[in-house]
Amino acid sequence: MEYSEKVIDHFMNPRNVGEIEDADGVGTVGNEKCGDIMRFYIRVEDGVITDARFKTFGCGAAVATSSIATEMVRGKTLQEAVRISNKAVMDALDGLPAAKAHCSCLAEEALHAALRDYAQKTGIVIDGLKAPEEHKH
């Protein structure tokens, strides 16, 4: 399996690993087929994601997609963050092997789960936020 330099870098040196205490939104997702579990934490101030962290139990590609996703959402408004797709995550890593594309879907789902948690806690609506069953693999 051929991994890009960016995937290897984000696996070997993952960014933003850890939890955010009293996070504004937390999302946890898992893939039964591969056993990967991703937990995504966000801090939101004035409608902007000011911090994002993750904890992932999984393969190198799962760690890399989590890591890059936290970098991608920082400084984004909630509306910008909701548009970060699995394809955008893969593109940011210069691609993933086909057998590992599901890891980018997990990263998108974990982000959406954290956004859903934040929206439920605050009573806001985030346009374009997908329900768990709407994510396609």
May I ask whether [X] and [Y] are part of the same hydrophobic cluster, defined by side-chain heavy atoms of I, L, V, M, F, W, Y residues being less than 4.5 angstrom apart, directly or through others?
{"X": "Val125", "Y": "Tyr118", "answer": "no"}
{"X": "Ile49", "Y": "Leu129", "answer": "yes"}
{"X": "Leu115", "Y": "Val26", "answer": "no"}
{"X": "Met72", "Y": "Ile126", "answer": "yes"}
{"X": "Val44", "Y": "Val82", "answer": "yes"}

Check [X] against [Y] and note the closest heavy-atom contact, atom names and distance.
{"X": "Ala61", "Y": "Leu96", "value": "CB-CD2, 4.1 Å"}
{"X": "Leu111", "Y": "Ala81", "value": "CD2-O, 3.4 Å"}
{"X": "Glu21", "Y": "Arg43", "value": "O-NH2, 2.9 Å"}
{"X": "Lys100", "Y": "Cys59", "value": "NZ-SG, 3.5 Å"}
{"X": "Cys103", "Y": "Met38", "value": "O-CE, 3.7 Å"}
{"X": "Ala113", "Y": "Gly27", "value": "CB-CA, 3.5 Å"}

Does atom [atom1] ([X]) have a neighbourhood of more than 12 heavy atoms from anything else shown, all under 6.0 Å?
{"X": "Arg53", "atom1": "CZ", "value": "yes"}
{"X": "Asn13", "atom1": "CG", "value": "yes"}
{"X": "Lys87", "atom1": "NZ", "value": "no"}

### Query
Hey, what do you get for CD (Glu5) to CE (Met12), rounding to the nearest 0.5 Å?
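These two atoms lie 13.0 Å from each other.
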Does the side chain of [Y] come within less than 4.5 Å of [X]'s, by heavy atoms?
{"X": "Val48", "Y": "Lys76", "answer": "no"}
{"X": "Val89", "Y": "Ile84", "answer": "yes"}
{"X": "Phe54", "Y": "Val17", "answer": "yes"}

### Message
Taking Lys6 first and then Asp91, would you say they form a salt bridge - that is, a charged N and a carboxylate O separated by under 4.0 Å?
### Response
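Judged by the 4.0 Å cut-off on N to carboxylate O distance, Lys6 and Asp91 do not form a salt bridge.
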### Message
Please identify which of these residues, Asp117, Thr28, Val73, Leu106, meets the side chain to side chain contact (heavy atoms under 4.5 Å, CB included) condition with Phe40.
### Response
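Going through Asp117, Thr28, Val73, Leu106 one by one, the side chain to side chain contact (heavy atoms under 4.5 Å, CB included) with Phe40 is satisfied by Val73 alone.
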#### Entry: Residue pair Thr70 / Asn16, side-chain donor-acceptor N/O under 3.5 Å
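Thr70 vs Asn16: donor-acceptor pair found between side chains.
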### Task
Please report the C-alpha distance between Arg15 and Asp9 in whole Å, then the side-chain angles of each, then the deciding distance to 0.1 Å, and finally whether the salt bridge (Lys or Arg N to Asp or Glu O under 4.0 Å) criterion is met.
CA-CA 10 Å; Arg15 281 61 149 189; Asp9 179 42; 2.6 Å; yes
Please check: side-chain N/O of [X] versus main-chain N/O of [Y], any donor-acceptor pairing under 3.5 Å?
{"X": "Glu19", "Y": "Lys55", "value": "no"}
{"X": "Arg116", "Y": "Lys130", "value": "yes"}
{"X": "Ser4", "Y": "Leu93", "value": "yes"}

### Query
Please, which pairs that meet side chain to side chain donor-acceptor pair (under 3.5 Å) have at least one residue in residues 58-68, sequence neighbours excluded?
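The answer is His10-Ser67, Thr56-Ser66.
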